[in-house]
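No experiment lies behind these values; they were computed from the predicted model shown.
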Amino acid sequence: MARARYRIGVMFSTTGSYSVVARSMLNGALLAFNEMNAGSNTIALEPVVVDPTGDLARYRSLSRDLLNSGIRHVVGCYTSSSRKEVIPCFEKFDGMLWYPSHYEGFESSDNVVYTGAAPNQHVLPLVDYLATRVGKRAFCVGSNYIWAWENNRIFREALAARGGTVLAERYLSVGDTEVDQVIAAIIGQRPDFVFNNLIGTSAYAFFRAFRAACRARGIDQAAEIPVASCTLSEPELPEIGLDAVDGHLSSSVYFSSLNSPENAAFIAAYTRSFPEGPVSSADAEASYIAVKLLAAALSQAGTDDARTVRAAVADQRLRAPQGEVRIDRQTFHAWLTPRIGRSAANGQFEVLLESREPIAPDPYLVQSSPRFAGAMRSPLLKVVQQ
């Protein structure tokens with residue numbers, strides 16, 4: 001019996017300032033395509049890969065081109081600005097964007113399925129960890145676009161609810177590596193920690209320069225002013241460099257060091273398929289999950305009609321590398337497992353804390369009482385190591 005064949009768009013900026021993570025996302029998606037097509041499935045998927053190069057106008061035009069060519073589903077986008085740019089195209093042409101990246105929440109579209117972490121799955125657990133174990137005085141830095149603005153706003157309100165305060169916020173243009181002035185301000189304020197929302201080359205330059213500036217002043221940066229992020233992942237650690245790679249905190253739903261049969265199989269297949277890297281990341285796993293869930297929904301629906309597939313995806317369950325994942329029928333965001341990790345010199349993350357079970361997505365932070373407390377109650381997280 002012939003398989004039903006579907007063309008699927010794949011849209012990541014594999015060149016540009018955040019290309020390292022985007023290439024790992026493309027790898028995760030392609031691995032899922034390869035596994036689906038190699039199995040005894042009723043469908044076959046043909047990835048149609050495009051590279052917007054980080055240019056927002058190109059994201060928009062490529063989305064329009066893909067949808068006008070008859071493609072109904074696109075897995076793609078890393079930044080929130082690119083996602084916001086393309087959603088009107090998907091709504092106009094009734095396609096479906098499968099968005100595989102952590103993000104700031106406060107969004108809902110009938111034409112998007114979100115497989116990355118919502119704010120209650122990454123920001124709030126990080127606030128809880130920092131406020132209870134590190135300190136309550138923060139300095140926020142970020143790339144000058146919607147992800148950092150909104151993430152810092154959520155972080156600021158959540159930290160205030162825990163009795164903490166943000167001493168200052170500073171923003172750099174995406175790709176800007178002139179970080180000395182920001183670092184001087186941080187050292188002058190001596191916060192308990194830095195909350196980092198810089199992305200790509202800006203983040204790598206900041207980590208290197210901040211470690212060097214602290215070392216020159218006799219400050220043990222990792223111990224005295226740790227940097228905490230919701231974005232830092234394994235492919236980025238080599239970009240920072242050996243002199244500054246260790247001791248950074250990251251809130252994520254996936255680390256490649258997780259010890260489970262599903263993750264061991266995923267890492268082995270990923271490494272075999274992409275020996276030249278970059279290595280896997282949380283966003284690569286979210287891309288892998290997106291394709292797997294899309295394929296399962298297409299098989300159930302028997303069509304690539306966007307609304308029919310969207311309805312079918314809420315029935316799917318997946319044993320993903322991070323653990324069980326499913327799509328919430330109300331929000332069409334994913335149930336995911338929050339974790340806190342600390343980077344090590346070997347280019348991996350040591351998992352410090354993890355949720356006991358997958359957590360329901362709460363993109364608008366309306367399920368907490370008080371507003372930011374519900375997802376941070378300590379019984380949800382268990383200590384893995386100190």
Side-chain angles (χ1 to χ4, degrees), residues 16-21 79 122-123 126-127 129-131 133-145 147-149 151-153 155-156 159 164-252 278 281 340-350 352 386:
S17 63
Y18 49 86
S19 62
V20 174
V21 174
T79 66
H122 60 87
V123 182
L126 183 59
V127 171
Y129 178 87
L130 294 169
R133 296 169 181 264
V134 178
K136 296 186 178 181
R137 299 167 63 253
F139 194 112
C140 295
V141 297
S143 294
N144 192 24
Y145 78 111
W147 154 257
W149 306 333
N151 231 31
N152 281 336
R153 177 186 64 81
F155 185 90
R156 184 171 59 248
L159 186 62
T165 185
V166 171
L167 302 178
E169 296 181 30
R170 296 290 188 275
Y171 296 92
L172 301 175
S173 299
V174 174
D176 188 354
T177 57
E178 296 293 327
V179 297
D180 290 347
Q181 189 173 31
V182 172
I183 288 170
I186 293 170
I187 293 175
Q189 294 269 21
R190 287 302 293 264
D192 296 322
F193 59 87
V194 174
F195 181 49
N196 166 57
N197 286 294
L198 294 166
I199 66 167
T201 53
S202 300
Y204 316 147
F206 172 79
F207 280 111
R208 287 192 297 269
F210 186 43
R211 178 66 59 87
C214 286
R215 185 179 291 124
R217 293 165 174 80
I219 300 170
D220 184 345
Q221 179 264 307
E224 298 179 49
I225 318 176
V227 179
S229 310
C230 295
T231 54
L232 187 63
S233 62
E234 291 86 347
E236 301 179 290
L237 297 182
E239 301 296 318
I240 295 172
L242 288 176
D243 287 344
V245 73
D246 62 303
H248 308 305
L249 299 171
S250 185
S251 180
S252 182
S281 67
I340 305 294
R342 180 174 56 213
S343 64
N346 65 358
Q348 292 288 318
F349 284 90
E350 305 161 333
L352 306 178
Q386 297 292 340

Neighbour count >12 (heavy atoms, 6.0 Å) for atom CD, E224: yes

E169 side, atom CD; N152 side, atom CG - distance, nearest 0.5 Å: 4.5 Å

Side-chain touch H248/Q221, heavy atoms, less than 4.5 angstrom: yes

Closest heavy-atom pair and its distance - P191, R137: CB-O, 3.5 Å

Any side-chain heavy-atom pair of L130 and L249 under 4.5 Å: yes

Donor-acceptor under 3.5 Å (R190 side chain, I225 main chain): no

Check: K136 main-chain N/O paired with D192 side-chain donor or acceptor under 3.5 Å: yes

Least distance between heavy atoms, N196 atom then S229 atom: ND2-OG, 3.0 Å

S250 side chain to C230 backbone, donor-acceptor under 3.5 Å: no

Check: S251 side chain, V123 main-chain N or O, donor-acceptor pair, under 3.5 Å: no

CG-CH2 distance between N144 and W147, expressed to the nearest 0.5 angstrom: 15.0 Å

Distance-minimising heavy-atom pair for S143 and A148: O-CB, 3.0 Å

Inter-residue atom distance N197.CG - Y171.OH, 0.5 Å rounding: 7.5 Å

E350 versus A344, closest heavy-atom pair with distance: OE2-CB, 4.1 Å

Test item: I186 and R170 side chains (from C-beta on) under 4.5 Å apart, heavy atoms: no

Side chain proximity check, N151 to T231, heavy atoms < 4.5 angstrom: no

Aromatic ring pairing F195/F155, orientation class (parallel under 30°, perpendicular over 60°, tilted between): parallel

CZ-CG distance between R211 and D220, expressed to the nearest 0.5 angstrom: 7.5 Å

Shortest non-hydrogen separation from S173 to S202 and the atoms involved: O-OG, 3.6 Å

Option passing side chain to side chain contact (heavy atoms under 4.5 Å, CB included) with Y204 (candidates I199, L198, L232, V20): V20

Verdict with reasoning, L159 to T165, per side chain to side chain contact (heavy atoms under 4.5 Å, CB included): CA-CA 6 Å; L159 186 62; T165 185; 5.8 Å; no

Pairwise side-chain contact, F206 with L172, heavy-atom cut-off 4.5 Å (strictly under): no

4.5 Å side-chain heavy-atom contact, F210 and V194: yes

Heavy-atom pair of closest approach, residues R215 and D243: NH2-O, 3.1 Å

Minimum side-chain heavy-atom gap E236-V21 below 4.5 Å: yes

